[in-house]
There are 2 protein chains.
Amino acid sequence: MAKKRASYHHGNLAESLLDAVNTIAEQFGIEAVTLRGCAKHLGVSPSSAFRHYSDKRALFTAFATRALNQLSDTLQQAHTEADSRGNDALMAVGLAYVQYALAHPALFRAMWREEAIYTQDPDYLEAALRLQGQISSGFAGSIDDGDPEAISDQELLLWSAVHGLANLYVDGNLNGHLSQFERLKKVEAVITTLKPALLSSDQ
Amino acid sequence: MAKKRASYHHGNLAESLLDAVNTIAEQFGIEAVTLRGCAKHLGVSPSSAFRHYSDKRALFTAFATRALNQLSDTLQQAHTEADSRGNDALMAVGLAYVQYALAHPALFRAMWREEAIYTQDPDYLEAALRLQGQISSGFAGSIDDGDPEAISDQELLLWSAVHGLANLYVDGNLNGHLSQFERLKKVEAVITTLKPALLSSDQ
DNA sequence: TCAGTATGTGTACATTGTTCACTTTTTTCT
DNA sequence: AGAAAAAAGTGAACAATGTACACATACTGA
């Protein structure tokens, strides 16, 4: 870390700071991320961060936004892949959601730190809505329409279930004795159990 | 705050510190809770806390444990009340779970801060298991048996769903335009949608 | 009563977020 | 091209925080 750079200016500090948060969060947890630590990691003075983010919270907001979009990308990919293989999209998306959380616990936590980010930031809100849309996209007849705030009971149920699973595995120490693989098997079983409730036609 | 006490010794500082955390967390959020702030709130020196908790994390662990047990108490009460009124226990417990989170967001968050508490603490683990048992108790044929680590797919599904709902409402800014009451209505609708998946006999 | 233990105090220190005046580079305008 | 202005990074500060440690005070049991 802290390779010395040739020029006085860094060139892309805003983005690099997000990378630094990523690196440190993955390694030591999101709570261990400090502004000074990120700066040192990049070989840059502590105060330089303030040229790009008004404060720590703003940096964390940008990071949360990036993480949300990354998760959305992952879900989108899982959906596409399931479609092309003729697999169930709901199952694929649900599994991918929990799998992402298990693979990147610190990033998953970073997305939802109400008290540590500006949750009214437009970019953050947009990313959160995109994620919601990604969950909904697995449902037949789902329309990515004008009022994305409206979410059906079934859509919310699926989201809640996988979001709850992810949180219980990542933050609650549920099934601490199970391996990652066994946990995913359990997730699959739970989604299978849930499935009937997602198919009833009377909406 | 900081009423001066007559005696040099406080008498019940360990417990009072938890109360202070509670007060400050409810008012300013769990992230705003500081050791020094709690001490000042009690009119006590900052270092006194260390006689009762090895560090901030230990204090937070004790607080999370207390909050978990408080939530369990609430669920237990909801269950009993539903039984005596002939209402559905699963619905009552699920609603009470989310309701508690909405009423005490900072406490609910405090229970699940993996990076800020000692999640292997025996008391904490016990409280978490008790909560799991409380969720399971609504199911017919649930036995509070020897191996509480084993949780059925249906039990985990219910827990995940309400836990996910609680988190999405508390930390995600889901349905930000809805009132507390409307949110609870939505929760009721989601649990109703979920219900069929919890009743199938083939386990 | 008195020694020992438990509990609270005060001072001190390293780390953190943040501010501000300053320097260095890049861009823009004529 | 050269000057003026804007953008980006620096270093020294400051207050607040968690924590350690030597000390003071109160309680308890022989």
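These numbers were taken from a predicted model, which means no experiment stands behind them. So that the names make sense, note that chain A is the first sequence line, chain B the second, and so on, each numbered from 1.
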In whole Å, I'd like the distance from the NZ atom of A/Lys40 to the C1' atom of D/dT10. 16 Å
CD/A/Glu26: more than 12 non-hydrogen atoms of other groups inside 6.0 Å: yes
I need the residues from residues 13-32 of chain A with at least one non-hydrogen atom less than 4.0 Å from DNA chain C; give them sorted by number, or say none. none
Output, in order, the C-alpha distance, side-chain angles, deciding distance and verdict of side chain to side chain contact (heavy atoms under 4.5 Å, CB included) for A/Leu18 and A/Leu59. CA-CA 7 Å; A/Leu18 295 180; A/Leu59 171 61; 3.7 Å; yes
Does anything in residues 49-63 of chain B come within less than 4.0 Å of DNA chain C? Heavy atoms only, and list the residues if so. B/Arg51, B/His52
Result for 5'-nearest mapping on DNA chain D, choosing between A/Ser48 and B/Arg36, is A/Ser48
Please work out whether the ring planes of A/Tyr97 and A/His163 are parallel, tilted or perpendicular, with thresholds of 30° and 60°. perpendicular
Let me see the working for B/Ile30 and B/Phe63 under side chain to side chain contact (heavy atoms under 4.5 Å, CB included), right down to the final yes or no. CA-CA 11 Å; B/Ile30 190 66; B/Phe63 182 70; 4.2 Å; yes
Check step by step if side chain to side chain contact (heavy atoms under 4.5 Å, CB included) holds for A/Gln134 and A/Val93. CA-CA 8 Å; A/Gln134 211 55 53; A/Val93 167; 5.9 Å; no
Test side-chain contact (heavy atoms from CB on, under 4.5 Å) applied to B/Val98 and B/Asn167, B/Leu168, B/Val162, the passing residue: B/Val162
Hey, what's the ring geometry for B/Tyr100 with B/His104, parallel, tilted or perpendicular (30° and 60° as the breaks)? tilted
How about CD on B/Glu182, more than 12 heavy atoms from neighbouring residues, nucleotides or ligands closer than 6.0 Å, or not? yes
A/Ser47 side-chain N/O to D/dG11 phosphate OP1/OP2 under 4.0 Å: no
